[in-house]
Structures are given as structure tokens and as C-alpha cells.
There are 2 protein chains.
Amino acid sequence: MTETIAGYGYGTAGRSPVTMKDLEELRASVLFGPEDEKALRLAGDVLEDQVEDVLDVWYGFVGANPHLLASFSTPGGQPVGEYLDRVRARFGQWILDTCRRPYDRQWLDYQHEMGRRHTSLGKNRADAADAASHVPMRHVIALIYPITATVRPFLERKGHAPEQVEAMFQAWFKSVVLQIALWTRAYADVREW
Amino acid sequence: MTETIAGYGYGTAGRSPVTMKDLEELRASVLFGPEDEKALRLAGDVLEDQVEDVLDVWYGFVGANPHLLASFSTPGGQPVGEYLDRVRARFGQWILDTCRRPYDRQWLDYQHEMGRRHTSLGKNRADAADAASHVPMRHVIALIYPITATVRPFLERKGHAPEQVEAMFQAWFKSVVLQIALWTRAYADVREW
Ligand code: HEM
Ligand code: HEM
């Protein structure tokens, strides 16, 4: 399936400058452990056939916020439809990767690549898009909130016990925070990352 | 009360380079609205006499994680007791400020000052401490998770209805994400903040 996603580069990204030790420390900071891995596997099963619905919510949110839509638009302010569509497919795959991939060296490398794709070093390349040069870092950090909070109702939708829903939600929250901390490494020249 | 907190500088900080328009956009990104302000006021009342208990949890967490304790330690690795104590008092005040202060220009200015105090431009100054030069930005972002999640049980402790607890929790979560997005502006040379 992954081969059919335009521009998706899991497994072929360059090496991230982030070390496995950095990753371990960040895992400790967000209290990410084996229970969270298990909960994310379950979340993957729960979300699998709801991916398009989750993306509808997120894209609706981006579309409703001019300061966010700007990142998918030309410098002149025209939203780039094909770019939005292509990124959407990768975003869907990311939901499943977040739940199912082992957080190993390969995962770490693609984390860095996803970070780069939000900065002027990597944005627009995968899709030959003529959109804004970069996504401001502050907006990436701020989106931790909606990307986390909006997932909860979808986790509740498959009849799991409240404790299971809670475990899936906490694991998702931890993983999003962990990933965004990693992505900011790609922003030029954060000297004290 | 605020005068008795060593090094606390609310109202006397320099001007933040962040604009009120930037702030508005970030508020929109985390869906922060008037309902959240109300919920935070309530959270202030709920947390007021539990501040020391919350700080015990957070300081316990920092103490248990060498990569975090390092920020409160000399470059040689000695934790600096007086520094830990003085910062703790400001941290307690921050809990109440998060709940009770209007998020206006003065608040924005102190946001930037708090950010600076985690970087080599501002760290150690308020306390003339000989501790590590800066808190790595990735760790500040990662702590969004524990600083958010650990507050929930304290919000539950005063007999409020589940919807009220949920509203307080969501508002707290939004505010922490918003503030950390603001703080990263102080990190030297984030060109694409
Ligand atoms: C929690 C925060 C965010 C998450 C989890 C996230 C997730 C993603 C993912 C998974 C991709 C596709 C990566 C790939 O190519 O495989 C992506 C790309 C993209 N995101 Fe984000 N994103 C976040 C914040 C933002 C924000 C705030 C914006 C601004 C609107 C944004 C705009 C974009 C754009 C324009 C791309 C395409 C980049 C390219 O040219 O390849 N993202 N994002
Ligand atoms: C969500 C993340 C964080 C929040 C909300 C937070 C909150 C605070 C607050 C409120 C203060 C006092 C500000 C003032 O002077 O009025 C402070 C200072 C400090 N924090 Fe953080 N912090 C965060 C992350 C971290 C991390 C990851 C570390 C690493 C251990 C850390 C270490 C410190 C240190 C060393 C100071 C003293 C700075 C100085 O020299 O003035 N913080 N923090």
C-alpha cells in the first residue's frame, strides 16, 4: 500500500542527526512505555477505517484558519489543490505509522524527514508544489492540541471500555508530543535544540 | 504576594517580539476561547491550595530524570539546591498566572521572558545560579505531556462535575501548548519560528 502514496518516503529518508539516546530521553520525558505501544496498536485497529473521517476534521480545521491554509497556498494566497490532496494521503498513512511502526532508527530518520518537510529545507519538494516556503514552527507546536484532542471521539467509536479509550488517548497524546519535539530539530538554526 | 517571590518579573519584563496578531493566531490554533478562560478561572480556585502538591509531583519527575535534573545542576553535575527552591516558587505562581491572568500584552511579554529564562540568553540570571547554560528546547516541548497530564487528578479533587473537570483540563492543555509555542520564540536563532 505504501508504494501507492505519492511522495511518501518511509525507509528511504536520510539519517536523522538525532541519536537513539536523545530519543530515549524524550520517551522518558513523555512517559512513553510498552503499555503505550500496546495501546497504539489497538488505536491503529480502531482508527484504520476512520482515517478519512479524521482527515476530514483536520482538513476542515486547516481550511477554516487562514493562517494555516497559507502553508498550503501560493505566496500569492491561492490554495494548491493537488498539493493538499497529495499531502492528505501521507497524513493518513502517518496516523497508521504512529500506531503501528516500531519507534526505531528508521522511524527516527523519517521523523526528521517529516520535520524537514515543514521547513524551507524540505517543503514542497516531494510534490513539486509552488506553495509557501515553510510552515512556521510555532504553528506546528500549537497543532499538538487539535491533533490530539480531535482524535478522542474516534477512539471512542468502536465500543471499547473507558479505560482502553483512555489508554489509547494518552498514548496518542504522548506520541504526538514526542514527534513534534523531534520535528523541531529540523528547523534551521535552532542552536539550543 | 508576588513581591515575595524571588526573581519573579511579571509586569517588568521587556517587550516580547511576538505580536498580538501572532497571539490571536496561536489562540485559534489551540481553539482557545472565552469558555476556556472561564474554565481556567475555576481551575485557579481548584488548584490554589494544591499548588505545593502539584509541584511535588513535577519536581519528583524532574529529580527522577537525570536528563532533566541536569538543567538544575552545575555543568559538573551537582544539583543546585537554592536554585531549585527559588524556581519552584515561581513555578507555583505560574500555575496561578496561567489560570488567572488576562492573556494581554503584559502576559505576552512575560511569556517571552519565561522562554528566555530557558535559553542561554536568560537562564540563571534571576537567581545568580551556576547551573547549566540552557534547557534544550526539545525537552521543553516534551514536557507539555507531563505538565498537562499530571494536573488532571488535582482538577478532579474538589468535587466538580465530570464536564467541569473536562473543561478545566482542556483549557489547561490548550494554555500549556500555547505558552510553549510562545516560549520557543526566545530560542536563538529559530529563523522559521
Ligand atoms: C501536530 C502538528 C502537525 C502534525 C502531526 C503534522 C503532520 C504532517 C504529516 C504526517 C505530513 C506528511 C509527512 C510526509 O510527507 O510523509 C505533513 C505535511 C505537511 N504539513 Fe503538517 N503536521 C503538523 C502541523 C502542521 C501545521 C501547523 C501546518 C500548517 C498548515 C502543516 C502543514 C503541512 C504541509 C504544508 C505539509 C506538506 C509538506 C511538504 O511539502 O512535503 N502541518 N504534516
Ligand atoms: C511544559 C514545559 C515547561 C513549563 C511549563 C515550565 C515552566 C517553568 C516556569 C513557570 C518557570 C519559572 C519562570 C519564571 O522565572 O517566572 C521555569 C523555569 C525553569 N525551568 Fe521550566 N518549564 C518547562 C520545561 C522545562 C524543562 C524541560 C526543564 C528542564 C529540566 C525546565 C527547567 C527550568 C529551569 C532550570 C528554570 C529556571 C530558569 C531560570 O534560570 O530562571 N523547564 N519553568
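Counted by atom type alone, T184(A) and W193(A) present one or more donor-acceptor pairs between their side chains at under 3.5 Å. Between the side chains of S120(B) and E192(A), at least one donor N or O lies within less than 3.5 Å of an accepting N or O. Defined by atom type and a distance below 3.5 Å, a donor-acceptor pair is present between the side-chain atoms of S29(A) and H67(B).
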Residue pair Q179(B), S175(B): steps toward the side-chain hydrogen bond (donor to acceptor under 3.5 Å, both in side chains) verdict: CA-CA 6 Å; Q179(B) 293 186 58; S175(B) 179; 2.9 Å; yes

Contacts under 3.5 angstrom, residues 33-41 of chain A side chains, donor-acceptor by atom type, not counting sequence neighbours:
from	atom 1	to	atom 2	distance (Å)
D36(A)	OD1	K174(A)	NZ	3.2
D36(A)	OD2	G33(A)	N	2.9
D36(A)	OD2	K174(A)	NZ	3.0
E37(A)	OE2	R27(A)	NH2	2.8
R41(A)	NH1	C99(A)	O	2.6

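Between R100(A) and E48(A), at least one side-chain N (NZ, or NE/NH1/NH2) sits under 4.0 Å from a carboxylate O, which counts as a salt bridge. Between R116(A) and E113(A) a salt bridge is recorded (basic side-chain N to carboxylate O distance below 4.0 Å). Using a cutoff of 4.0 Å between basic side-chain nitrogens and carboxylate oxygens, K158(B) and D49(B) are scored as salt-bridged.
Interface residues of residues 145-156 of chain B toward chain A, defined by a heavy-atom distance below 4.5 Å and sorted by number: Y145(B), P146(B), T148(B), A149(B). Contacts with chain A (heavy atom to heavy atom, under 4.5 Å) involve these residues of residues 127-138 of chain B, listed by number: H134(B), V135(B), P136(B), M137(B), R138(B).
Every ring pair (Phe, Tyr, Trp, His ring centres under 6.0 Å) that Y110(A) has, sequence neighbours left out, goes to Y8(A), Y10(A).
Within the 3.5 Å criterion, the main-chain N or O of Q111(B) finds no donor-acceptor partner in the side chain of R185(B). Without hydrogens or angle criteria, D22(A) side chain to T19(A) main chain gives a donor-acceptor distance under 3.5 Å.
Most heavy-atom pairs under 4.5 Å with chain B: of the set V62(A), L68(A), I180(A), I141(A), this distinction falls to I141(A). With chain B as partner, the option from N65(A), L182(A), L26(A) having the largest number of non-hydrogen pairs under 4.5 angstrom is L26(A). Most heavy-atom pairs under 4.5 Å with chain B, from the set A28(A), A64(A), A142(A), P66(A): that is A142(A).
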